Amino acid sequence: MSFERKTDFGPPHYSRFLPPAIKANYGKWKYHEIVKPGVLVHVSESGDKLFTVRGASGRLTATDKLRMFCDIADKHCDGFLRFTSRHNVEFMTTHEERVDDIIQALADIGHPVGGIGAAITSIVHTQGWVHCHSSATDASGVVKAVMDEVIEYFDGRKPIPGKLRIALACCLNMCGAVHCSDIAILGVHTRPPATDDTQVNKQCEIPNVVAACPTAAIRPSTLEDGTRTVEVDQERCMFCANCFTVCPAMPLNNPTTDGISLWVGGKVSNARSKPTFSKLAVPFIPNNPPRWPEVTSKIITMIEEWSKDALPFERMGEWIERIGWPAFFDRCEIEFTKQHIDDFKHAGLSYNRSAHLRRASYMD
Amino acid sequence: MSFERKTDFGPPHYSRFLPPAIKANYGKWKYHEIVKPGVLVHVSESGDKLFTVRGASGRLTATDKLRMFCDIADKHCDGFLRFTSRHNVEFMTTHEERVDDIIQALADIGHPVGGIGAAITSIVHTQGWVHCHSSATDASGVVKAVMDEVIEYFDGRKPIPGKLRIALACCLNMCGAVHCSDIAILGVHTRPPATDDTQVNKQCEIPNVVAACPTAAIRPSTLEDGTRTVEVDQERCMFCANCFTVCPAMPLNNPTTDGISLWVGGKVSNARSKPTFSKLAVPFIPNNPPRWPEVTSKIITMIEEWSKDALPFERMGEWIERIGWPAFFDRCEIEFTKQHIDDFKHAGLSYNRSAHLRRASYMD
Amino acid sequence: MSDTPLLDELEKGPWPSFVKEIKMAAKNSAMSQDLLDLLEKSYRDKIGYWKHGGIVGVMGYGGGVIGRYVAIPEQYPNVRHFHTIRVNQPAGWYYSTDALRAICDMWDEHGSGLTNMHGSTGDLVLLGTTTEELEPIFDELIKLEFDIGGSGSDVRTPSCCLGKSRCEWACFDTMEVCHKITMQYQDELHRPAFPYKWKFKFSGCPNDCVAAIARADISFIGTWRDDIQQDDAAVAEYAKTLNILRDVVERCPSRCMEWNGDKLTIDNDNCVHCMHCINAMPKALAPGKDRGCSILMGAKAPIIEGAMLSSMMIPFVKIDEEEDYEAVCEIVEEIWDIWSDEGKNRERIGEFIERVGKSNFLEAIGLEPIPEMVAHPRDNPYIFFEQEED
Amino acid sequence: MSDTPLLDELEKGPWPSFVKEIKMAAKNSAMSQDLLDLLEKSYRDKIGYWKHGGIVGVMGYGGGVIGRYVAIPEQYPNVRHFHTIRVNQPAGWYYSTDALRAICDMWDEHGSGLTNMHGSTGDLVLLGTTTEELEPIFDELIKLEFDIGGSGSDVRTPSCCLGKSRCEWACFDTMEVCHKITMQYQDELHRPAFPYKWKFKFSGCPNDCVAAIARADISFIGTWRDDIQQDDAAVAEYAKTLNILRDVVERCPSRCMEWNGDKLTIDNDNCVHCMHCINAMPKALAPGKDRGCSILMGAKAPIIEGAMLSSMMIPFVKIDEEEDYEAVCEIVEEIWDIWSDEGKNRERIGEFIERVGKSNFLEAIGLEPIPEMVAHPRDNPYIFFEQEED
Amino acid sequence: MASDLTLEEVVESMYKEVASVQGRKKLKPMDLQKMIYERFSDRADKRTCKKLGKEAIKELINSGRCVYSYYGGSFIELPPAEGVDK
Ligand code: SRM
Ligand code: SRM
Ligand code: SRM
Ligand code: SRM
Ligand code: SF4
Ligand code: SF4
Ligand code: SF4
Ligand code: SF4
Ligand code: SF4
Ligand code: SF4
Ligand code: SF4
Ligand code: SF4
């Protein structure tokens, strides 16, 4: 059965996959309400109601599981479903009475419902040890460990003042929006590349490798026996693995010195305050698979301190801005070290260039 | 009459010059009040009252004028006076009835009284054409021209919502705190140095000259006839005159292309908001001595727009932060140009990295 | 079944378990079985065992397939290759169950049976297959009418929030614009020709539910120009449960609202369109009717100059209207020309703009500098003055 | 008298006229007369006519005199030299009339009769004399007990606000500390030995009336640790004329005050000591009793890395007490050592700290990193990890 | 300006360039585009060179004579010798 090989035809038009209620009310929605944890209702100008149930998803999904999602969608949602920008799965129906059936069906296949409104939703994450060469930690494993501990903030059992976004990236390339999350989990290498001098000139172009380094730590060099390779200045190397991306002969993976750093206070939305970068909270916690207990306990402390003191809608970064960074480090029992003080290009703008000081912290 | 040549003896101890009322209440003051424009009263814990009259001063002062100040101080202030950190002259007396005599005496010698509290005080300025080699404008002349126009904001006839500090520097060295003033007047050269190739190697060390340039616009070069000199890359030169400071053979003074730039929104104190840098408002106004009318009229527009809309205590920078920069440029009829957008080291942090927008400005 | 005690630990607990997923796939894929064992080894040794991909792809395309080779193929032969295929998702990530089931059947036959639903850029990621299977997979995808996404120095797969499909705050049709742009630039998507990657993202309002300002070289964020739509009765209703003064009025970034206990007055000239008051009272407030979007540019991850957010370029354009849509495409293509000519290797557009100077960039693409583009004007005196020939 | 029409224009108007001053001095100084004519020429030609000073000074001192030579000495012989002498001012710029009269008499005899009262760093500037007069002038100054100030790569003349002499908000004795530091470091002031200039400034409270945070390499700014002193009756008095809610409570940077119409409650643990509420109600509020100062470092003008403000180094020290004063001097001297050893030519301490990294700098001078030193921790991932020898 | 530059000429010129640097230097599509404009700017304007350049790359890739590769950026090379484990 010959068929004509096509290219450049792009994705199918979404209209093929819109539930009827959405087709009927496209662009005519009036308002929404959160019915209960994990369940939204959107009401259109004509009064039509569409209920949305958001099911947790671990993102890494086997085809069999997708078929189970399809079974639920066929049974309750006219054969349509969608995924969210944070890879949860959403089932939509105009029949309010089907909401609880959908929730039960999801529970039966191990997928709790939640993450809507003032809640912690799924953790945006990347490949980790499952698939990426430059990862300094695993992604799916850390996500599973953390979400198991904070599930009550996801499913509404523990209400919190506003949204709290957690993201993970397994190296400094930071796939995802780790640089703008309330809490960011970042895999870090803490050793310079273990350069394989015999391979560098074979596998890579030295000028490209030298240019790839953000801190100009790489210089071309020639060994006694004439092999052309590169040399890394240990003082300047920041373990970003950019050289490794451009040249496989410069691996950074190391079981004892790879680990996780934690960042706080980032935000993407424009609500109230402008979009903000995440800031360093904990520079290094060694990898401790499978449940990274030190990582999860510190994240829980930060969530608890924020949630008991934040105003309604107040994101983590807005809360810290209000109480001051000294109080954040103090309450979350995190030691403020050399590494917290910036020394990169815009360092000066991060210093406290004012006499503004709360007294609490330096009462000897 | 031989005398023993001493060195390293430093300034006389201030206690020699303190009025008796100050000696008696040193460190024991309770509160102050502004009696009337230019007149303060400080009340000590014991109830003693000290009246201070602040007289304007042009900073450049002849000895004869100093003797006139001394006459007033001898007559009314037990032979003591002081100067302020913004080079005004202050006369202090415990006798309230002498306040008006002091004011009259000062008026007789051409020195109005004012600049206290929510007022415009004297303009911190530098040498200009009177004494400095790298000045791109005069200092004393511009100050005189501006203060003549804003005198009513100095002497209280026109009350304003808060303090408004004006400073002037005649080149990018920025002597004084021009970089942190409500309104800053900055002399600017707008042409690269007119390098005298015959003199460069004679008068200066070429490595020093090359290193002095903040934008690496200077490269060593040799003419056909072998003379070693330097070459300036027109694209990168910012006319900062730093090379001229290090090497007199690279003058930047130019009658048509030297002039004045205006900056706004800077602040030194920590009250309410943190200390802030001044931002570019008007990139270039050609020098127009003796009264620089274009400079003074633009300054007056900015003062008027601020003073009719600012909240009590609200400095120029705090006001602009509240209404937004588009409204500032609009109300003060200043054209926003390429030059206003930063392109130096921290440029990215000055961009609007948010969707925050007021609509007023782009309603077509 | 092999022995994976560490991973088994992660089968417990309430959050969906990726280990269960791999085990599910392993039932009928030796590749997934090897992946499971390899991952257990990584958990034991605390390092990953993947090598960087080289030359993989489908005929005619320069992107969409990420080459992956296990570092120790002798022990894990079935993951000697473990390439991933990025499938361009339907706008808004909507699916029909037939389409999904068809993809699953194809993937069980030609790959590991594991997917990422979805990748961070937005693609439906088919996780793990061999070089030989790439062409057959593409043939199947052609039949299913699902093309491959982007990777490398190309236009990456655009993505958008669900917009008008289900959200009352959508200020433009994010899904239609996203689809139109994806179709219009298929050549740039499938044949990498840029100095580095280029990402489009479309959010229907400043809540930015697809993180466009943080993760896209060009970010389309919906906004409006007229007054916020206000239903006073509904506001009074919210006043019963919501502390409107403290939690809404005092949190407005431009403090342009007054609340006297029963009436909310908004000075719409000073509203900066942050969405907060609307978020807090969805039944009482809504964005205006005169809707469109702002266009910002330049976001990227930290390497090598430090992370960047997109910054304001075009405050307001009615992107849903053909005329404005064409004008925007023209500007984008002009930017691609300049960036391709003068951009350095691996230099994103955000880094390019800062290197050449935002003003020069604006001049090159014919945009006027306006104060909306800056948080504040420059505060250093290094102004560049044009050198007229005197 | 010569013809100076442009300058004469500036004799008019209410603000004191510097032209009148020059004319006054010109009556008995040919030097000032030439200055007047030279300035008129500058006003006509719109450029200055001064040449950069070379090596001028008094015996034994490396600073305090700025060499100035007119560019066109043939036309203006009397300003062939027009050096300025910086005289170290008494702390707080207090004078007795006898001291001032004596200086005036000396200056009429040996110089132009023109002064700057005062220079921006704080010196009493004697404006215009010849090289030959420098030694005789210094002899006179010795008799008057007024030493010369600083210039070049030395400790510049320290300056301070009037502090405890007349201000109830002074949190330390700015004038005494300024005087003590000036006397203690006379050698560093008179004999330039640093990579570049070093400026001390002392402000008694965060109003910073000597602009220490903007104009000093090391800025001493008064602050307090206990509660704001509060007189409720006086607050109620102010309430009659002052909108305490809008103009005080809502302007507090940490919003740590509540006003219920008659009682002001301050949460002193969250007060950031900005001075605003105290400024607004001087008869009702005052800084606490447990007073001292913060020490910040690194301010400078823009060339060549861009302007800098001083940043927090030591949050609180009781500088008036001998023990703390000694400890601070020790740290300053240690900083000078490190800066002198490793600083580049013309590299101010603020630039040095940013080049070597603030953390490394703190470690070198034995200060612990504390969160008060930053507005926020780093937001880029380029963390430096110590390389233990494994 | 109707140019006499043909697609084949551009294709062959590009192929020669890719082959000549194989193993030593990696060429990006942009490098090939710039090379074409430098080489044929006398016979065609920039827009034409860019269009022909794009078509030439498409032709080389579709015909399998060249392939894309990815090393932290996209490059164009000759297809690898059959073994994949480079
Ligand atoms: C479904 C989804 C869009 C999609 O096309 O997939 C979505 C949908 C909605 N978002 Fe969102 N947001 C979604 C990702 C985001 C993101 C992107 C991200 O997290 O990567 C953001 C930016 C996050 C940030 O600021 O760091 C985002 C920031 C918001 C905000 C602003 C919150 C704030 O106060 O800063 C609102 C407003 C609100 O919560 O009331 C909002 C509100 C909403 C509303 C209520 C709007 C509406 O009327 O439908 C939507 C319903 C559910 C909800 O409350 O979560 N959505 N929303 C995404 C669901 C993710 C998930 O599975 O949990
Ligand atoms: C005399 C002087 C100090 C000295 O030792 O010479 C001084 C003295 C006082 N200042 Fe000041 N300030 C003096 C320069 C400054 C400076 C430095 C400068 O301008 O270069 C500043 C920083 C300016 C800035 O922020 O850019 C300064 C910012 C303040 C502030 C904060 C104002 C604000 O809201 O930001 C106050 C508080 C107030 O005004 O209520 C203040 C308040 C005061 C008080 C009222 C304090 C007191 O109780 O005595 C003093 C009386 C007069 C007044 O209101 O001006 N003083 N004051 C200086 C007079 C300069 C002049 O001739 O006008
Ligand atoms: C698959 C995905 C992570 C995921 O699990 O979801 C991913 C995976 C990789 N990314 Fe990414 N990036 C993914 C979304 C992102 C995002 C977020 C986004 O697109 O919304 C970012 C941040 C935004 C940005 O582009 O800066 C991102 C920033 C990077 C960077 C840093 C780019 C930069 O300019 O700093 C690199 C490094 C590079 O390009 O060489 C990178 C490189 C890579 C490579 C190709 C690493 C490499 O050199 O081999 C990863 C392949 C891993 C693998 O095993 O497949 N990835 N990457 C995401 C794409 C899936 C999809 O197509 O839907
Ligand atoms: C006289 C004075 C201006 C005035 O009229 O008051 C002054 C005058 C000069 N300054 Fe200044 N500076 C004066 C206070 C300042 C201040 C403010 C302060 O000290 O509070 C600053 C800003 C703070 C700072 O130090 O950064 C200042 C920043 C500079 C700079 C830039 C230094 C930098 O690191 O960026 C230079 C350039 C240089 O040092 O080569 C400079 C250089 C100069 C020179 C020596 C220019 C030169 O290279 O010949 C000026 C001599 C002019 C003349 O004709 O006498 N002057 N200069 C001030 C000193 C009088 C005094 O001793 O009391
Ligand atoms: S964050 Fe780094 S390690 Fe993780 S998927 Fe992206 S490139 Fe790979
Ligand atoms: S890891 Fe990063 S900083 Fe270190 S040498 Fe490689 S590229 Fe440079
Ligand atoms: S600002 Fe420049 S021109 Fe003016 S006195 Fe200072 S160094 Fe001289
Ligand atoms: S004026 Fe400034 S920028 Fe221009 S060459 Fe001289 S030092 Fe460099
Ligand atoms: S970005 Fe705005 S329009 Fe899009 S889903 Fe989020 S809230 Fe709705
Ligand atoms: S949308 Fe934001 S800025 Fe506009 S009125 Fe509401 S809260 Fe204020
Ligand atoms: S800085 Fe503070 S203590 Fe010094 S004069 Fe100003 S207000 Fe008074
Ligand atoms: S001093 Fe400033 S921070 Fe402290 S309570 Fe008063 S206004 Fe608030």
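Fair warning: this is a prediction, and the values are worked out from it, not measured in the lab. Below, read A as the first sequence line, B as the second, and so on, with proteins coming before strands; counting in each chain starts at 1.
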So salt bridge (Lys or Arg N to Asp or Glu O under 4.0 Å) across residues 293-305 of chain C, not counting sequence neighbours, yields A:Lys345-C:Glu305, C:Lys300-C:Glu351
Which answer fits [X], side chain, backbone, both or neither, if we ask what part of it has an atom under 4.5 Å from a heavy atom of chain B?
X        : value
C:Ser310 : backbone
C:Cys274 : both
C:Leu296 : side chain
C:Asp267 : neither

Decide yes or no on side chain to side chain donor-acceptor pair (under 3.5 Å) for B:Arg359 and C:Asn268, but give the supporting numbers first.
CA-CA 8 Å; B:Arg359 67 178 182 194; C:Asn268 276 283; 5.0 Å; no
Please identify each residue that fulfils side-chain contact (heavy atoms from CB on, under 4.5 Å) with B:Glu333, with sequence neighbours left out.
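In terms of side-chain contact (heavy atoms from CB on, under 4.5 Å), with neighbours along the sequence ignored, B:Glu333 is linked to B:Lys298.
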Please report the closest heavy-atom contact between C:Asp379 and B:Phe277, naming both atoms and the distance.
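Closest approach of C:Asp379 to B:Phe277, heavy atoms only: OD2-CD1, 3.6 Å.
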Flag if over 12 foreign heavy atoms under 6.0 Å of CD, C:Gln230:
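Yes, CD of C:Gln230 has more than 12 neighbouring heavy atoms, counting only those of other groups under 6.0 Å.
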Could you check whether atom CD of C:Glu258 has more than 12 heavy atoms from other residues, nucleotides or ligands sitting under 6.0 Å from it?
no
Name the region of [X], side chain, backbone, both or neither, that has any atom closer than 4.5 Å to a heavy atom of chain C.
X        : value
B:Ser350 : both
B:Leu280 : both
B:Phe239 : side chain
B:Thr190 : both

Could you give the distance from [atom1] ([X]) to [atom2] ([Y]), rounded to the nearest 0.5 Å?
X        : Y        : atom1 : atom2 : result
C:Tyr382 : B:Asp342 : OH    : CG    : 11.5 Å
B:Lys338 : C:Glu386 : NZ    : CD    : 5.0 Å
C:Asn360 : B:Ile341 : CG    : CD1   : 10.0 Å
B:Met238 : C:Phe384 : CE    : CZ    : 7.0 Å

